[in-house]
Protein chains: 2
Amino acid sequence: MSSGRSVRAVGRPPVTSRTELEHVALTLFFTTGFEATTVKDIARTAGVSRRTFFRYYASKNDVAWGEFDEHLARFQAEFDAVPPSVSMATALRECILAFNDFTDDEVPWLRQRMALLLRVPALQAHSVLRYVAWCDIVAKFVARRTGFGAGTLVPQVIARGALATAVAAYERWLEHDEAPLREVLDAALSIWLRTGSISPAQGGWSSARGG
Amino acid sequence: MSSGRSVRAVGRPPVTSRTELEHVALTLFFTTGFEATTVKDIARTAGVSRRTFFRYYASKNDVAWGEFDEHLARFQAEFDAVPPSVSMATALRECILAFNDFTDDEVPWLRQRMALLLRVPALQAHSVLRYVAWCDIVAKFVARRTGFGAGTLVPQVIARGALATAVAAYERWLEHDEAPLREVLDAALSIWLRTGSISPAQGGWSSARGG
DNA sequence: GAGGTATTTGTCACCAGGTGCCACTATTCG
DNA sequence: CGAATAGTGGCACCTGGTGACAAATACCTC
């Protein structure tokens, strides 16, 4: 909550920062691999003791997520700004697209980071613990719109479905770099929102770009 | 693939078994808690060395899953037995319900196990690594039905959505033991299959038992 | 400038999960 | 009996993660 820098300057100044550690760690992860990189390596490269590393990040896994929690605030704000006139389905689509909207120079970074999060088993597993906050935001929005409690079935099924859809899109985007993330995500959301009518005999699916 | 027992009886006979270790471990987990139970405890209780435990289960996490992989074979068979006349949506619903159909005497056991898998963070995280096989089965069925490749967007979004729905149902069932699992699951699947039309203004949602 | 206070850092010890290695044991087969 | 086979136990070791405590470095007050 400190806007400036001199608000609390008493005590020994920090030697490093979350950002620096993140940068060092990701560089090592990308070059050497996640498993092959030990916390000791990260700490030593950053010129810091192993113990200090764990004071900045609760676990080795968490480094790969960076400032995800802060990023979520934008997601929340996105939903809060949706006017009531917009339908729920449209709101979900727009907010999820907006949350995953990145500038061109951010994309290579994002790509590497997501490859880490989605391909390394340990991080893949850890992800569910980070995604709960994401799901909560969606569930609460759906709860507001439908009138059901956020913990009840409708908001939960929709929120978790939205997450599953986004992850599927990312996975597809990572594996085949044919279309920009936004397009893949948009296609995935379209499929998701039509989940009920998925029989190819009923038509309309060739246009959804399923491949 | 050994139907009998005497196929390969040479060598020192095993002192324990997966089943026995699972039973010992779950008992400890339920009474003492997952985190508070060490592998050493499990091994000692089973009268076996710590090293031997890891020859039966790759990790402490895996014990909680028991013979899940074997159970999946039934799931696969369920899909294989679906006649082409049955619509995809119906098939998905029926197969998922069948996969999660348990006899009354199995339910308390299931309840404890699922409480473990869905509430303990370490197991919750580990679950994604176990669920991929489940998703694969669903994705392949959808792929067969739609003509899209199993790795493409349509099968993936649907398979992951199905999983998300099932997990949401389990979570709800665990938290509020008002309705039997089958009913909660069925309600969740109904919501999922109508994901596109979720505006309460369009009606029809009060009957879906969202609470 | 001296001393107190606040904050971060480093070191150390320790625990738990997990793995590789090797000797040992118990069984069947010849 | 001895050889082959398969499971077990013990040991050393690595890695992630935590608690405790002393040392370091800043600011603030007198």
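Proteins come first, then strands; the chains are lettered A, B, ... in the order of their sequence lines, and each starts at number 1.
In terms of phosphate contacts, A:T52 brings a side-chain nitrogen or oxygen within less than 4.0 Å of OP1 or OP2 of C:dG10. Under 4.0 angstrom from either OP1 or OP2 of D:dG7 there lies no side-chain N or O belonging to B:Y56.
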side-chain hydrogen bond (donor to acceptor under 3.5 Å, both in side chains) between B:S190 and B:R93, worked out:
CA-CA 8 Å; B:S190 293; B:R93 167 183 250 123; 2.4 Å; yes
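Between the C1' atom of D:dT18 and the CD atom of B:E35 lies a distance of 14 Å, rounded to the nearest Å. What separates NZ of A:K40 from C1' of C:dG10 is a distance of 14 Å, to the nearest Å. In this structure, B:D41 atom CG and C:dC15 atom P are separated by 14 Å, rounded to whole Å. Atom CD1 of B:I42 is separated from atom P of D:dG9 by 15 Å (rounded to the nearest Å).
Between B:E22 and B:R113 there is a salt bridge, with a side-chain nitrogen of the basic residue lying less than 4.0 Å from a carboxylate oxygen of the acidic one.
Remark: A:R111 is positioned above the aromatic ring of A:W173, its terminal NZ or CZ atom under 6.0 angstrom from the ring centre and at most 45 degrees off the axis. For the pair A:K60 and A:F34, the cation-pi criterion (under 6.0 Å, within 45° of the ring axis) is fulfilled.
Residue B:T16 is classed as a sugar-phosphate contact, given heavy-atom separations below 4.0 Å to backbone atoms only. Within the nucleic acid shown, B:T38 comes within 4.0 Å of sugar-phosphate atoms alone, with no base atom in reach, counting heavy atoms only.
B:W65 and B:Y57 have their aromatic ring centers separated by at least 6.0 angstrom.
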Reading nucleotides 18-27 of chain C from the 5' end, what letters show protein touch, with B for base, S for backbone sugar-phosphate only, - for no heavy atom under 4.0 Å?
BBBB---BBB
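Checking B:R50 against B:T38 by side-chain atom types alone, no donor-acceptor pair falls below 3.5 Å.
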